[in-house]
Amino acid sequence: MSQHTDVNKYGEFGLIDHLTKDFKPRLPSTLLGIGDDAAVISNDKGYTLISTDLLIEGIHFDMMYSPLKHLGYKSVVVNLSDIYAMNVRPTHITYSIAISSKYSVEALEELYAGIKTACDLYNVDLIGGDTTSHLKGMAISVTAIGVTSEKDNIVYRSGANAGDILCVTGDLGGAYLGLQLLEREKQIFLSNQNIQPKIEDHKYLIERQLKPEAASDAIAFFKKVDLIPTAMIDISDGLSSDLMHICRASGVGAFIEEVKVPMSEDAKIMALEFNMNPISCALNGGEDYELLFTVSPDEIEKIQFMPGATIIGEMVDRADKLTLHTTGGKIYPLEAQGWNHFEL
Ligand code: ADP
Ligand code: MG
């Protein structure tokens, strides 16, 4: 134990692999342990899905621009998103907080008002949690649970095949650009407190960052048209990084067509204002919480008319790796540049 290896050596995903490599599921009821958006446990009458997230003040949220009500809402929604990403409806959450004395009861009431709004909208019950003290800020841990009686409806990251169609819900890059905007206005405000933030013109981007929604409509649509995607993940780290998770788990490659990647006009304009390439924001910006999924080519007509969904590419053989086909006709290798929390 005298060694001191820097956690940056592994990166987030490498570190998880390293720490958990000796924890192979030992019970027959553990259908799936570590490695997907949620774990799957089988019980007498069905299957329980469980996913958990930890959010730390100063790393995942900034009190300068996260209203507590929004934070409560977002912290629930991003967790529910992991259950939806398995094609299952979430049913319950537990919510744990560590808080310093700088937070008043009124502040926490705001947080819980946001939690309540999310529970009402997504129809889930808050069933427990834990409350403890924190030396200087706030930490939040949310666990989301979903149940299903149909094992075959559960969609993993690992089911994609070469030839499958690659689709995404909603639009991408907005949450990242909303964050850039909030950060810029924060810096301006810190340097001169008389200047009020100019964010009213960019409501959509700010909302994408502070009040994201989980893609529950997509799950309802799949059920309605009797479609089970072959693989699925929610886009929390960025399109490139999350597509790489599907490719790794499924043992396939993929290409994305740049021209097809959906972005809002607001996001494109804001990217240019920040001197960024819009497509990089869509590929590498995180926290959009849209669903990235693959569909067998036999089912293409079911997806062509899916509201808000876009076909952005195709899965290919592993040997063909992950590439971006640019509008200018070039082919670039895609690299995952998702959030590395240790480098923040
Ligand atoms: P997501 O972005 O969908 O929340 P993560 O990348 O956080 O997923 O986690 C990937 C997998 O690793 C999940 O199965 C998660 O439960 C597991 N995992 C993450 N951190 C730990 C940890 N400290 N110990 C055990 N398992 C972990
Ligand atoms: Mg996820």
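What's counted below: heavy atoms across the whole structure, side chains too, no hydrogens, waters or symmetry copies.
Taking a cutoff of 4.0 Å between a charged side-chain nitrogen and a carboxylate oxygen, E57 and K136 do not qualify as a salt bridge. Looking at E273 and R184, a side-chain N of the basic residue comes within less than 4.0 Å of a carboxylate O on the acidic one, giving a salt bridge. K116 has a carboxylate O that lies under 4.0 Å from a charged side-chain N of D120, or vice versa, which qualifies the two as a salt bridge.
At most 12 heavy atoms of other shown residues, nucleotides or ligands fall within 6.0 angstrom of atom CZ in R318. The 12-atom threshold is exceeded at CG of N277, counting heavy atoms of other residues, nucleotides or ligands nearer than 6.0 Å. Counting non-hydrogen atoms of neighbouring residues, nucleotides and ligands closer than 6.0 angstrom, the NZ atom of K151 reaches no more than 12 such neighbours. Under a cut-off of 6.0 angstrom, the local environment of CG in L135 is sparse, with at most 12 non-hydrogen atoms contributed by other residues, nucleotides or ligands. In the displayed structure, K224 atom NZ is contacted under 6.0 Å by at most 12 heavy atoms of other residues, nucleotides or ligands.
Using a 30° and 60° split on the angle between ring planes, F293 and F222 fall in the perpendicular class, above 60°. Ring geometry for H18 against Y10 counts as parallel: the plane angle stays under 30°, on a 0 to 90° scale with 60° as the upper cut.
Side-chain N/O atoms of S42 and S29 include no donor and acceptor closer than 3.5 Å.
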| When you look at L166 and I311, which way does the side-chain contact (heavy atoms from CB on, under 4.5 Å) test go after all the steps? | CA-CA 6 Å; L166 180 65; I311 296 174; over 6 Å; no
| request: Starting from the C-alpha separation in whole Å, work towards a yes-or-no answer on side-chain contact (heavy atoms from CB on, under 4.5 Å) for L108 and S104. | output: CA-CA 6 Å; L108 296 174; S104 65; over 6 Å; no
